[in-house]
Amino acid sequence: MSKVGIVMGSDSDLPVMKKAAGILEEFGVDYEMTIISAHREPDVFFDYARTAVDKGFKVIIAGAGMAAHLPGMCAAIFPLPVIGIPMHTKSLGGKDSLYSIVQMPSGIPVATVAIDGAVNAALLAVKMLAISDEGLLAKLQAYQEKMKTDVANKDAKLQELGYEAYLQAKS
Ligand code: RP5
């Protein structure tokens with residue numbers, strides 16, 4: 001059974017949402033990815049949210065843009081954690097999506113990440129699952145260690161080359 005539901009309001013969200021899928025794949029976490037518009041097909045949405053526990057979901061990652069009601073409505077029905085990803089938008093730069101998702105009323109939390117923050121949304125989902133999964137915890141610790149090594153390697157290269165040669169080598 002999939003442990004994480006990844007849901008988005010439109011296929012236009014997919015280029016961002018695929019990054020969440022990539023992280024879950026890296027950590028070996030099963031997920032189900034779906035496009036569901038809470039506004040354009042409310043019946044399908046309600047069925048998705050009402051059956052999410054039976055499908056085995058422990059966390060839902062929901063991405064939406066503009067009047068972004070999908071994450072909040074998932075949280076209104078699904079009793080486990082919902083992580084919301086506000087999509088960048090052309091007209092308002094994603095602030096519309098961010099405010100729509102983050103300003104939830106008391107009682108219905110959505111853990112909102114940055115605009116287009118799909119990588120952090122997936123990492124947060126992995127961290128939630130790792131609370132009761134030691135294998136995942138070990139993978140998270142290795143992931144953190146690799147980030148640290150990557151930065152240290154970059155600094156060593158900067159010290160060796162100087163900033164101009166560093167940037168040239170990077171481009
Ligand atoms: C939202 O409206 C979707 O999540 C998407 O970000 C936005 C625009 O959707 P499309 O018009 O591109 O389908 O529901």
Pair listing, side-chain hydrogen bond (donor to acceptor under 3.5 Å, both in side chains) test, anchored in [range], at least two apart:
range: residues 8-18; value: S10-S12
range: residues 91-103; value: T89-D96
range: residues 157-171; value: D155-Q159
range: residues 132-148; value: K146-D150

Between [X] and [Y], which heavy-atom pair has the shortest distance, and what is it?
X: G63; Y: M17; answer: N-CE, 3.6 Å
X: G84; Y: V110; answer: N-CG1, 3.5 Å
X: I108; Y: A76; answer: CG2-N, 3.7 Å
X: P71; Y: A62; answer: CG-O, 3.5 Å

Per side chain to side chain contact (heavy atoms under 4.5 Å, CB included), Y48 is matched among D43, I77, L70, I60 by I60

### Any residue meeting side-chain contact (heavy atoms from CB on, under 4.5 Å) with A67, in chain and number order, not counting sequence neighbours
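By the side-chain contact (heavy atoms from CB on, under 4.5 Å) rule, A67 matches H39, H69.
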
### Task
With sequence neighbours excluded, tell me which residues meet side-chain contact (heavy atoms from CB on, under 4.5 Å) with A118.
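A118 satisfies side-chain contact (heavy atoms from CB on, under 4.5 Å) with V16, K19, A20, I85 once adjacent residues are dropped.
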
| query | Which pairs, with at least one residue in residues 109-141 and sequence neighbours excluded, count as a ring-ring contact (aromatic ring centres under 6.0 Å, His included)? | reply |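 ring-ring contact (aromatic ring centres under 6.0 Å, His included) check on residues 109-141 returns no pairs.
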
Nearest-0.5 Å distance, [atom1] of residue [X] to [atom2] of residue [Y]:
X: M128; Y: I61; atom1: CE; atom2: CD1; value: 9.0 Å
X: N120; Y: I83; atom1: CG; atom2: CD1; value: 10.0 Å
X: L124; Y: I23; atom1: CG; atom2: CD1; value: 12.0 Å
X: K58; Y: I131; atom1: NZ; atom2: CD1; value: 13.0 Å
X: I115; Y: M87; atom1: CD1; atom2: CE; value: 10.5 Å
X: M8; Y: I36; atom1: CE; atom2: CD1; value: 9.5 Å

Is there a continuous path of hydrophobic side-chain contacts, each under 4.5 Å between heavy atoms, that joins [X] to [Y]?
X: V82; Y: I6; result: no
X: F78; Y: F45; result: yes
X: M33; Y: F57; result: no
X: V113; Y: V126; result: yes
X: V4; Y: V53; result: no

For residues 24-31, please give each side-chain donor-acceptor pair under 3.5 Å, one per line with the distance, not counting sequence neighbours.
| residue | atom | partner | partner atom | Å |
| --- | --- | --- | --- | --- |
| E25 | OE2 | Y31 | OH | 2.4 |

### Pairwise side-chain contact, T112 with P86, heavy-atom cut-off 4.5 Å (strictly under)
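Heavy-atom side-chain distance check passes, below 4.5 Å.
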
Ring pair (Phe, Tyr, Trp, His ring centres under 6.0 Å) against H88, all qualifying residues, sequence neighbours excluded:
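So H88 forms no ring pair (Phe, Tyr, Trp, His ring centres under 6.0 Å) with any residue.
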
TODO: With sequence neighbours excluded, give me every salt bridge (Lys or Arg N to Asp or Glu O under 4.0 Å) pair touching residues 45-55.
DONE: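 Sorted pair list: E32-K55.
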
